[in-house]
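Okay, so here's the structure we're looking at.
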Amino acid sequence: MKAIYISLIVFFSAILFAGCVDMDTYPESDIVTSEQKDKIVTDDPAKAEAGVTAIFAQFSTYMPITGTRHNDFGYPSVMLFSDTNGFDYLSSDNGFNWTGNSLDYSDRDYAGNEAKIVWNTMYQIIYVANNVVASIDPDSADPTFQFYLGQALSARSFCYWVLAQLYQFNYVDHKTSPCVPIVTEVNAITAPVEGCKRSTVEEVYTQILTDINKGIDLLTISQKAGEKRRDKRYIDLGVAYGLRARVNLTMENWADAASDAQKALDSGGAVPYSFADVSVPTMSDSNDKSWMWGIVIAETDRIVTSGIVNWPSHMGSLSYGYANFSGGHQINKQLWASIPETDARKGWWLDQDTISKNLNSSYQNYVKLRKYSPYTQVKFAPYNNVVNTSVNASDIPLMRAEEMYLIKAEGEIMSGTGNAVATLENFVKTYRDPEYVCTATGQADVQEEIFRQRRIELWGEGLSWFDIMRLNKPVDRRGAGYANASAIFNIPAGSNILLWRLPEGEIQSNPMLEPSDNNPAAAFPDPVPDIE
């Protein structure tokens, strides 16, 4: 762990405390040398604001972990890897596809680049959040500091929620299983020197809830006092409720999940995209009314000026980048076939004849020029709706209002509160398919229908793996339409290969970890015969 945190201390000092001569950090001791530095941010709101900005800047950065890999650009890399691990986010394993290791699970090599990127990306955000939390008096009555502290705690909660689902199986059945080390402002100084053991799943979720509950309290008070976020890269009360709704869903606190999802909608003011909105490529602008939280990208960002080291390059069928040459990403063809023609989302992907009813002639001609295969995504619009643009400055969604409706419906059916079928039908009929009727009956079948709706609605937004893990699903790719026989698996739920392994560097540098403390090494899955 020392190797990770030394570099982060230097990085954080450079961003947050630039211009403060006495804020130097000495890596050899891992500590800040002056006791007075503890209160510097508390005494200066501008520095506190810079700290919060630094948290969310970490979500999208240019090759921060490896320095060389073109699939290393912050949290969207984690989204791409985890989506690819599942069974709905298809691609071809070829020389232009940087998620090939996630197709065949060779990303589970604990000495590999993906292992480093996932772990270090999340702990970088945690580290910067810890610095903000440590620098603000938790009992401050100042609304500005309450607002900043609430965001930092909420961001840290989100990171541990992500880590918990990558490095261990579901909460309910694995409470006492080892999860990830918990590093907060309390042990941030000692952890790099003394190490930090893996906490249990239950301990990690206790920290997650502690952070998000406090974050909600602080954001409630501070927003009532007039504090507002500048844009949607930051966390407000609606997002915080949305994060807690996700956590409660994962923990199977069903009624609380439904309640928080409704509070997220009520607090944030977001409303789903309309039928007309989603009948064309979209979801590239955080200003859209559906978006609650997102990664806001500027044309001048280094990931954009790189041209191809960014999320749209790898994802965007209608932009310029790796997707043009790798063949882009496709939906599971069985899932696509389950979408009625009356549903606007049917056009989020090319049909079997590589046509989408959602594309104008310019987009359709471009798809033909690029020779995309059937079921390739055209859900996400290129930046400024300019086809083939090399300015890949599209914003990246982290939370949309639609997700809250689906969480509410699942929470209702599983808790027996509310009217889950009405919640689901009202959402789909109003915003996606005016002829939709939920034909599922019984708790298990309705939950499965909600899962199907989540697979469609949230496709490509970095959430599918969390559903697979919390619902204890197998990874069955048969009949999905994978281009490579080597990527067709039927992995049983609970198989060790589904867990990410702590990276080799963490095991070697953390005094509290031995090789035996890592998740078990598992053989890469064997391909199975495909089915039609």
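Just so it is clear, the structure is predicted and the values come from calculations on it, not from any experiment.
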What residues, two or more places apart in sequence or in another chain, satisfy side chain to side chain contact (heavy atoms under 4.5 Å, CB included) together with Thr342? Pro340, Asp433, Glu435

Can you check whether [X] and [Y] have ring centres sitting under 6.0 Å from each other?
X      : Y      : value
Phe380 : Trp348 : no
Phe158 : Trp293 : yes
Phe275 : Tyr431 : no
Phe466 : Trp161 : yes

Tell me whether [X] contacts the main-chain N or O of [Y] through its side chain, where contact means a donor paired with an acceptor under 3.5 Å.
X      : Y      : result
Gln443 : Ile413 : yes
Lys473 : Asp467 : no
Gln168 : Val201 : no
Ser415 : Gly411 : yes
Lys263 : Tyr241 : no
Asp277 : Ser274 : yes

Ignoring hydrogens and angles, state whether a donor on the side chain of [X] or [Y] is under 3.5 Å from an acceptor on the partner side chain.
X      : Y      : answer
Ser77  : Asp72  : no
Tyr363 : Ser356 : no
Thr376 : Gln330 : yes
Tyr273 : Asp288 : yes

Is the NZ or CZ atom of Arg302 both under 6.0 Å from the centre of the six-membered ring of Tyr62 and within 45° of that ring's axis?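 Yes, cation above the ring, under 6.0 Å and within 45°.
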
Please state whether the rings of Tyr89 and Trp459 are parallel, tilted or perpendicular, taking 30° and 60° as the class boundaries.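 Tyr89 vs Trp459 ring planes: tilted.
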
Which of parallel (below 30°), tilted (30 to 60°) and perpendicular (above 60°) describes Tyr75 and Phe59? perpendicular

Do [X] and [Y] sit within salt-bridge range, that is, some charged N less than 4.0 Å from a carboxylate O?
X      : Y      : result
Arg156 : Asp211 : yes
Arg400 : Glu403 : no
Glu49  : Arg230 : yes
Arg455 : Glu448 : no

Quiz: residues 144-152 side-chain donor-acceptor pairs under 3.5 angstrom, not counting sequence neighbours:
from	atom 1	to	atom 2	distance (Å)
Thr144	OG1	Glu227	OE2	2.9
Gln146	NE2	Ser140	O	3.1
Gln151	OE1	Ile235	N	3.2

Set out, in order, the CA-CA distance, both residues' side-chain angles and the distance that settles salt bridge (Lys or Arg N to Asp or Glu O under 4.0 Å) for Glu461 and Lys379, then state yes or no. CA-CA 11 Å; Glu461 298 182 44; Lys379 171 183 178 179; 2.7 Å; yes

Run the salt bridge (Lys or Arg N to Asp or Glu O under 4.0 Å) check on Arg244 and Asp260 step by step: do they pass? CA-CA 7 Å; Arg244 196 169 70 180; Asp260 279 337; 2.8 Å; yes

Begin with the C-alpha distance, continue with both residues' side-chain angles, and end with the deciding distance and a verdict on side-chain hydrogen bond (donor to acceptor under 3.5 Å, both in side chains) for Glu412 and Thr423. CA-CA 9 Å; Glu412 288 174 339; Thr423 298; 2.7 Å; yes

Would you name the heavy atoms of Pro382 and Thr389 that are closest together and state the gap between them?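 Heavy-atom minimum between the residues: CB-CG2, 4.0 Å.
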
Check Trp311 against Pro76 and note the closest heavy-atom contact, atom names and distance.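 Shortest heavy-atom contact: CD1-CB, 3.6 Å.
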
Take Glu114 and Ser102 through the test side-chain hydrogen bond (donor to acceptor under 3.5 Å, both in side chains) and record every step on the way to the result. CA-CA 8 Å; Glu114 288 83 5; Ser102 297; 5.5 Å; no

Enumerate the residue pairs fulfilling ring-ring contact (aromatic ring centres under 6.0 Å, His included) with a member in residues 243-271, sequence neighbours excluded, ordered by first and then second residue. none

